[in-house]
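Shown next, in C-alpha cells, is the structure this report addresses.
In what follows, chains are A, B, ... by sequence order, proteins preceding strands, each numbered from 1. Bear in mind the structure is a predicted one, so any value in this text is a computation, not a measurement.
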There are 2 protein chains.
Amino acid sequence: MSEEEKHPLFEKPLTPSDVGKLNRLVIPKQHAEKWFPSPVLGGYGGPVAGDRGLLLAFEDEAGLTWRFRYSYWNSSQSYVLTKGWSRYVKEKKLDAGDIVCFLRHRENVGRLFIGCKRAAAASRSSATAAGHPYLGISSLHPSDCSSHAAGK
Amino acid sequence: MSEEEKHPLFEKPLTPSDVGKLNRLVIPKQHAEKWFPSPVLGGYGGPVAGDRGLLLAFEDEAGLTWRFRYSYWNSSQSYVLTKGWSRYVKEKKLDAGDIVCFLRHRENVGRLFIGCKRAAAASRSSATAAGHPYLGISSLHPSDCSSHAAGK
DNA sequence: TATTTCACCTGCGAT
DNA sequence: AATCGCAGGTGAAAT
C-alpha cells in the first residue's frame, strides 16, 4: 500500500478521556457524518453490521487490521469507537495530545486506514528514527493483531 | 388541585450529596418500598417503564410536572431518583438541609406530587409571603417543565 | 474477582 | 439566551 493511495480524511488530537479508562474515542460529529458509514442506518456493505452499531476495520501503517465497534450514543448525541479502541491505545502507547489520523483508499472508499502521530517534537525522536512521523510498529506482535479479528 | 386532595407520604432532609454533583436523590428504602412502585419489577400502570427503572412523574405546587428516572442500584442497595433530579435542585435552589416532600393524590394513588421546604426559619421570608411553607415558583417557566419529557 | 464494554447522563464551553 | 457538541463521568452487564 503506497502512501499515494491513502487519502486523509481527518485527524483528532486525543483527549485524556480518549486514552483513559472510558475505553472509547469520540469521533467529532461533522467528521463522523461526512466520512464514516452511519452506525444507525447501517453501512455501505463493507462493515459488518451488528445488533448495535457497526464493526469498522482499519489498516494501520504496517498493514495490520484493527477492528473497532462504531456506535452512536443517543444520550450524548455522539459517535464513538468503543470495543477494540483501548487495545489500540495501549499497543500504540498513545497519550493525551497525540493525534489519531483516519484515511481511506483513493479508489476504494470503503477501505479505511488509521495512523497516529505524537503531539510534540520532544517525544518524536524514536518515531522519526523510523523515517516518517507515524509511530513505529516494532512492539506489535502478530498475536496482538490476530486477536482483533474477534467479532461481537 | 386543592391541598386536601394531597396526602403526604414522606419527607427527606437533603444531604450534601443529594444536592451536589452526584445528580441523584437517595430515597430511604423504607419509604421507597412502601410508597413507590418497584423500579425492578415495574410499576402500577401509571409510570412509564423504561429499559431500566421507571420514569416517575410528580406534580409540584404549581401543577407543573417533573419527571425523574427512578432506579434501584444493586451496588449500594439503594433506591434513587437520577435523571431530572439535578434540574429540580437547581430550579428550586435547594441546599443541603432543605426538605423534599412526596405526596400522592387521595383517590388516585398513582398520581404523585413533590414539594420542598427550606430547612431553617431564616430563609423562609419570601416563601411564607406566598401564604404557605412551600417555595415559590416565580422563577419557573413553562419551558423548564415541558423539556423534562425527554428521555427514552 | 478484575477488567472491559456498554448504554446511559450532565456540566460546560463554544456558538 | 438557548442550543449543541463533547469531555468526563455512572451503574450494570459481559467477559
How close or far is atom [atom2] of [N] from atom [atom1] of [X], stated in whole angstroms?
| X | N | atom1 | atom2 | answer |
| --- | --- | --- | --- | --- |
| A:L25 | D:dC6 | CG | P | 11 Å |
| A:K83 | D:dA14 | NZ | P | 13 Å |
| B:R69 | D:dT10 | CZ | P | 17 Å |
| A:L54 | C:dC6 | CG | P | 13 Å |
| A:R87 | C:dT5 | CZ | C1' | 11 Å |
| A:N74 | D:dC4 | CG | C1' | 15 Å |
| B:W85 | C:dG11 | CH2 | C1' | 18 Å |
| A:E33 | D:dC4 | CD | P | 13 Å |

Hydrophobic cluster partners of B:V80 (side-chain heavy atoms under 4.5 Å):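 When side chains under 4.5 Å apart are linked, the cluster holding B:V80 also contains B:V26, B:W73.
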
Sugar-phosphate, base or nothing in reach of A:N23, heavy atoms under 4.0 Å: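 Contact class for A:N23: base.
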
Sugar-phosphate only, base, or nothing, as touched by A:Y72 at under 4.0 Å among non-hydrogen atoms: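 The answer is nothing, as A:Y72 stays clear of every strand by at least 4.0 Å.
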
Pairing residues for [X] by the side chain to side chain contact (heavy atoms under 4.5 Å, CB included) criterion, not counting sequence neighbours:
| X | value |
| --- | --- |
| A:P28 | A:K12, A:Q30, A:H31 |
| A:N108 | A:H105, A:R111 |
| B:S2 | B:E4, B:E5 |
| B:L22 | B:S17, B:R24 |

Under-4.0 Å side-chain N/O to phosphate OP1/OP2 contact, B:S86 with C:dG11: yes

C:dA2 OP1/OP2 closer than 4.0 Å to side-chain N/O of A:K21: no

Set of side chain to side chain donor-acceptor pair (under 3.5 Å) partners for A:K90, sequence neighbours left out: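 By the side chain to side chain donor-acceptor pair (under 3.5 Å) rule, A:K90 matches no residue at all.
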
Polar atom pairs between nucleotides 7-9 of chain D and protein, under 3.5 Å, N or O only, would you list them?
unit_1 : atom_1 : unit_2 : atom_2 : d
D:dA7  : OP2    : A:K12  : NZ     : 2.9
D:dG8  : OP2    : A:S17  : N      : 3.0
D:dG8  : OP2    : A:S17  : OG     : 3.0
D:dG8  : O5'    : A:S17  : OG     : 3.3
D:dG8  : N7     : A:R24  : NH2    : 2.6

Closest-nucleotide ordering on DNA chain C, the 5'-leading residue of A:K90 and B:T82: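 Closer to the 5' end of DNA chain C: A:K90.
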
Out of D:dA12, C:dC8, C:dC6, whichever nucleotide has its closest atom nearest the side chain of A:S75: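 Between D:dA12, C:dC8, C:dC6, the one nearest the side chain of A:S75 would be C:dC8.
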
Any side-chain donor near an acceptor of the partner, B:D60 and B:W66, under 3.5 Å: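 Yes, a side-chain donor-acceptor pair sits under 3.5 Å.
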
SB check B:K6 B:E59 (cutoff 4.0 Å): no

Set of residues satisfying ring pair (Phe, Tyr, Trp, His ring centres under 6.0 Å) with respect to B:F102, sequence neighbours excluded: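 Applying ring pair (Phe, Tyr, Trp, His ring centres under 6.0 Å) to B:F102 gives B:F10, B:F36, B:F58.
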
Strictly under 3.5 Å: I want the nitrogen or oxygen pairs between protein and nucleotides 13-15 of chain C, one per line.
none

